[in-house]
Amino acid sequence: MALLELKNVTKRFGGLVAVNQVSLEIDKGEFVGIVGPNGSGKTTLFNVINGVFFPEEGTVTFEGRDITRLPPFKRAPLGIGRTFQIPRPFASATVRENIAVGAMFGTQGRSLNVDGSLQIADQIIERVDLTAHRDKPAGALTPVEKKLMEIARSLAMKPKLLLMDEAMAGMHPNDIDQMVSFIKRVAEEENIAIVAMVEHIMRAVVGLAEKVIVLHQGSKIVDAPTKEALEDPKVVEVYLGHAPED
Amino acid sequence: MKQLPKYLPLAPVFAAYVVMFLIAENMEGMWQLMSMLLFYCALGQAFNVFMGMTGYVDFGYVAFLGMGTYGMALSITRLVQYEFLGVWIIVIGFALAMVMSTLLSMAVGAVALRLRGAYFAIATIGVNEGFRFLIEGARIWNGSEGMIFTADLNTILGREAAAALCTYWADIMVLVIAALAASVTLFYMRTKVGYALTALREDEDAAKVMGINVTKFKIIAFITSASLAGLLGATAWALKTPYVFPPEVFEIHYTIEAIIIAMLGGAGTLLGPVVGGLVYGLSKYYLSIFLPGFQLLIFAPVILVIIVLFPEGIVGMLKARTKGTGVERFIV
């Protein structure tokens with residue numbers, strides 16, 4: 001059984017079909033890249049998966065349970081985590097408190113009290129090397145630190161599936177390599193399925209993905225193991241006929 | 001005992017209240033001023049539980065105080081005939097005050113809490129006025145004639161005890177309510193409720209995606225804040241002055257004062273309402289003595305300056321300044 005399954009999902013905004021009849025499967029612990037140019041429906045697809053929008057058609061199933069119309073706050077405790085394209089820290093709270101919030105309301109939330117959550121936050125802060133910023137308000141971090149904190153916050157949720165929205169956009173290539181390998185390592189250790197969404201075929205992200213899904217104007221055009229996907233003529237076409245960087 | 005350090009920040013709050021009490025007890029002519037200051041602190045502290053912690057501004061807040069006042073007034077005027085109840089009438093009055101303000105907050109919350117930010121504020125603006133006109137127009141609870149229950153209070157408690165209640169014990173009860181509101185605030189801050197409220201105040205959508213049932217936590221804060229207001233109304237507006245008139249207890253002026261106190265002191269902080277209540281109350285009192293008629297003219301720019309210089313309020317500024325020092329854990 002797949003961890004996450006979408007069947008013929010369609011989401012419209014008025015006359016605009018943002019996601020058109022998309023079906024896909026994500027397995028436990030899998031690293032999947034979702035690629036597509038601006039406006040191809042990637043963020044909407046994420047919003048359908050974590051419940052910000054409900055689709056007009058189709059079903060979303062998580063661990064065999066139909067969650068198509070489950071509100072987002074009930075999906076997080078099931079194990080669906082998310083990071084945003086532009087980081088959304090709880091600005092006045094400290095880095096430690098931000099990350100503790102993740103633990104507090106995540107998959108283990110019910111059995112964790114505030115102290116337990118803060119302990120988990122401390123462990124994660126050490127792992128992601130944010131120790132120097134632990135007691136700073138999250139709003140005072142640099143953009144890269146905010147991204148790191150947001151990833152740490154979603155890892156604290158102990159998710160089974162982590163949706164990463166343009167997680168690496170605007171970062172220095174060296175930082176990207178470091179970050180991606182860190183995420184990959186944690187995901188392997190804790191058996192987290194990662195769905196990373198990128199606008200361009202980024203070597204660092206796509207290179208590590210086991211599977212690549214390409215969206216174009218709301219429809220899925222390719223869903224294949226990474227190597228095959230990148231050689232697919234349709235993908236080349238979507239990106240204006242340029243061959244993907246290797 | 002392990003929990004004790006967590007509640008240490010209550011020390012400066014309680015200390016401030018004790019000092020106010022001691023000044024009132026021991027200094028000639030200070031009782032009235034202290035009782036006003038305590039009322040403002042309690043008002044700010046109760047208001048802060050919702051407004052400070054969620055960032056939602058409820059312009060109809062005074063209606064909860066009004067409901068509390070009516071709760072106590074109804075209990076006294078309707079139960080006075082049952083002599084055997086004695087002082088329990090006051091206790092029932094407090095319970096009724098809480099129930100009535102809680103019910104109103106649930107009704108208001110069910111509609112208004114679906115809205116966000118400015119829309120919530122606009123939706124709540126009419127609550128107090130609407131309620132006042134409902135009571136007056138539909139002649140509920142004596143309509144615009146209000147209720148005067150000095151005589152009933154005398155019947156229930158005897159003349160001397162009733163006088164002591166109005167002039168002394170009512171103020172002590174305001175102090176207790178202020179301390180209670182502060183304790184509830186810190187309790188929330190130290191539990192998941194506080195973390196959830198901070199998260200939703202900063203970014204409601206992100207909070208939802210993180211697994212926080214934002215509606216539930218907003219309602220918890222709203223009801224808590226409203227029931228504290230109900231208690232405050234029952235005490236400061238019914239027991240202290242044993243009469244109730246609709247235009248007085250649904251006056252939006254008090255909501256504005258609550259907003260000023262919370263913002264001035266530091267919204268969402270524990271100490272903020274105390275500092276804000278003291279600064280606001282003292283300046284209002286002394287400005288009206290030394291420059292009668294000009295107090296608002298002077299007070300407005302003072303508030304402007306404070307808000308511009310310390311957008312996080314006085315306590316918010318102190319919090320940032322004391323970071324890393326020993327005082328840090330007292331300023332919350």
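Since we're looking at a predicted model, the values are computed, not measured. In the text below, chain A, chain B and the rest are named by the order of the sequence lines, each starting its count at 1.
Residue-level contacts of residues 68-78 of chain A with chain B, in order of numbering, are A:Pro72, A:Phe73, A:Ala76, A:Pro77; threshold 4.5 Å between heavy atoms. Of all residues in residues 42-58 of chain A, those placing a non-hydrogen atom less than 4.5 angstrom from a non-hydrogen atom of chain B are A:Asn50, A:Val52. Against chain B, the residues from residues 87-96 of chain A that qualify, each with a non-hydrogen atom under 4.5 angstrom away, are A:Arg88, A:Phe90, A:Ala91, A:Ser92, A:Ala93 in number order.
Per-residue heavy-atom pair counts under 4.5 Å with chain A were compared for B:Thr198, B:Thr191, B:Leu200, B:Ile212, and the maximum is reached by B:Ile212. Contact count versus chain A (heavy atoms, under 4.5 Å) is highest, among B:Ala207, B:Ala199, B:Gly268, for B:Ala199.
By the 6.0 Å contact criterion, NZ on A:Lys7 is open, its count of non-hydrogen atoms from other residues, nucleotides or ligands being 12 or less. The number of heavy atoms from other shown groups lying within 6.0 Å of CE (B:Met263) does not exceed 12. Atom CZ of A:Phe182 sits in a crowded spot, with more than 12 heavy atoms from other residues, nucleotides or ligands closer than 6.0 Å. Remark: A:Leu16 CG is packed, more than 12 non-hydrogen atoms of other residues, nucleotides or ligands lying under 6.0 Å away. More than 12 non-hydrogen atoms from other residues, nucleotides or ligands lie less than 6.0 angstrom from CZ of B:Arg116.
Counting all heavy atoms, side chain and backbone alike, A:Arg153 lies closest to B:Met210 at CG-CE, 3.3 Å. Heavy atoms only, all atoms of each residue included: B:Arg190 and A:Val114 are closest at O-CG2, 3.5 Å.
Taking 4.5 Å as the limit, every side-chain heavy atom of B:Val209 sits out of range of all side-chain heavy atoms of A:Ile80.
Side-chain atoms of B:Lys192 do not come within 3.5 Å of backbone N or O of A:Phe105 as any donor-acceptor pair.
Rounding to the nearest 0.5 Å gives a distance of 4.0 Å between OH of B:Tyr195 and CG of A:Leu118.
At a 4.5 Å heavy-atom cutoff, the contact between A:Met104 and chain B is made by backbone and side-chain atoms alike.
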Pair up each side-chain donor or acceptor in residues 304-332 of chain B with any protein partner under 3.5 Å, not counting sequence neighbours, and list the distances.
from     : atom 1 : to       : atom 2 : distance (Å)
B:Thr322 : OG1    : B:Leu318 : O      : 2.9
B:Thr322 : OG1    : B:Lys319 : O      : 3.4
B:Thr325 : OG1    : B:Thr322 : O      : 2.6

